[in-house]
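Working notes for the structure below.
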Amino acid sequence: GILDVEEEFVEEAMDIATFSNDSIGLAQRMVNIGSALSKSQRQKESIPYFKQAILISKDIGAYGLAFIAVRNLSSVYIRLQDNEKAKETVSSALSIFPEGSNYLNKIKSLQRNLHLFSGRRWMELSELEQTLWIVSQVKSDVEESDTQEIYKFVSEMISDINSPPVQEL
């Protein structure tokens with residue numbers, strides 16, 4: 001099929017990237033192949049490409065590419081209904097990213113989502129789980145000094161939700 005022809009060209013491009021010591025190009029090609037396989041319902045075949053992209057990206061400090069490969073690999077495991085492997089992938093990736101980096105925050109957010117959702121869809125979560133997810137997302141997006149403001153805002157929101165509506169006369 002078309003993907004097989006594309007794979008021939010991609011393999012050649014990978015050989016060129018390897019020969020020319022273009023590590024970032026090689027990692028990008030690995031992600032591209034993994035993504036193409038995944039989109040073609042060839043999830044299991046995509047796994048080694050994403051894993052290799054993670055290793056190369058980590059070695060050269062290409063954190064954006066490493067994040068994409070980790071996210072895509074965890075998505076593949078979710079599609080294969082292996083939520084534990086998805087969680088393991090994200091947890092092991094925490095050490096890749098420098099402390100305080102935006103990508104580390106994104107990985108932590110992805111990790112929270114995986115633990116909360118555990119293969120479930122949004123509507124399958126309880127109201128409490130949905131609220132906790134929203135609060136964790138808001139909290140991860142603000143500075144530590146704003147934590148009290150978050151608690152105040154969320155408390156007011158929950159109070160409004162739990163208050164019976166005012167009946168107009």
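For reference, positions follow the sequence shown, starting with 1.
- Judged as a side chain to side chain donor-acceptor pair (under 3.5 Å), and not counting sequence neighbours, the contacts of S91 are Q111.
- Atom CG of L104 is separated from atom CD1 of I96 by 10.5 Å, given to the nearest 0.5 angstrom.
- Hydrophobic clustering, with ILVMFWY side chains joined whenever heavy atoms are under 4.5 angstrom apart, keeps I107 apart from L55.
- Annotation for V31 and A53: closest pair CG2-CB, 3.6 Å, computed over non-hydrogen atoms.
- With values rounded to the nearest 0.5 angstrom, N105 atom CG is found 12.5 Å from L110 atom CG.
- Heavy-atom minimum distance, L37 versus E45: CD1-O, 3.5 Å.
- Here CD1 of I60 is found 4.5 Å from CD1 of I24. Values are rounded to the nearest 0.5 Å.
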Under 3.5 Å donor-acceptor pairs involving side-chain atoms of residues 64-74, not counting sequence neighbours:
unit_1, atom_1, unit_2, atom_2, d
N72, ND2, S35, OG, 3.4
S74, OG, V70, O, 3.3
S74, OG, R71, O, 2.9

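- How far CD1 of I54 is from CD of Q52: 10.0 Å, rounded to the nearest 0.5 Å.
- Considering every non-hydrogen atom in both S40 and A36, the closest pair reads OG-O, 2.9 Å.
- For K39, the salt bridge (charged side-chain N to carboxylate O under 4.0 Å, His left out) test picks out no residue, with sequence neighbours left out.
- Scanning for side chain to side chain contact (heavy atoms under 4.5 Å, CB included) contacts around E88 gives K85, with sequence neighbours left out.
- Within the structure, side-chain hydrogen bond (donor to acceptor under 3.5 Å, both in side chains) pairs that include any residue of residues 54-63 do not occur (at least two apart or interchain).
- Here the closest non-hydrogen pair linking Y77 and K51 is OH-CE, 3.4 Å.
- Under the side chain to side chain donor-acceptor pair (under 3.5 Å) criterion, Q43 pairs with S38, R79, sequence neighbours left out.
- Scored by the side chain to side chain contact (heavy atoms under 4.5 Å, CB included) test, S92 finds no partners at all (sequence neighbours excluded).
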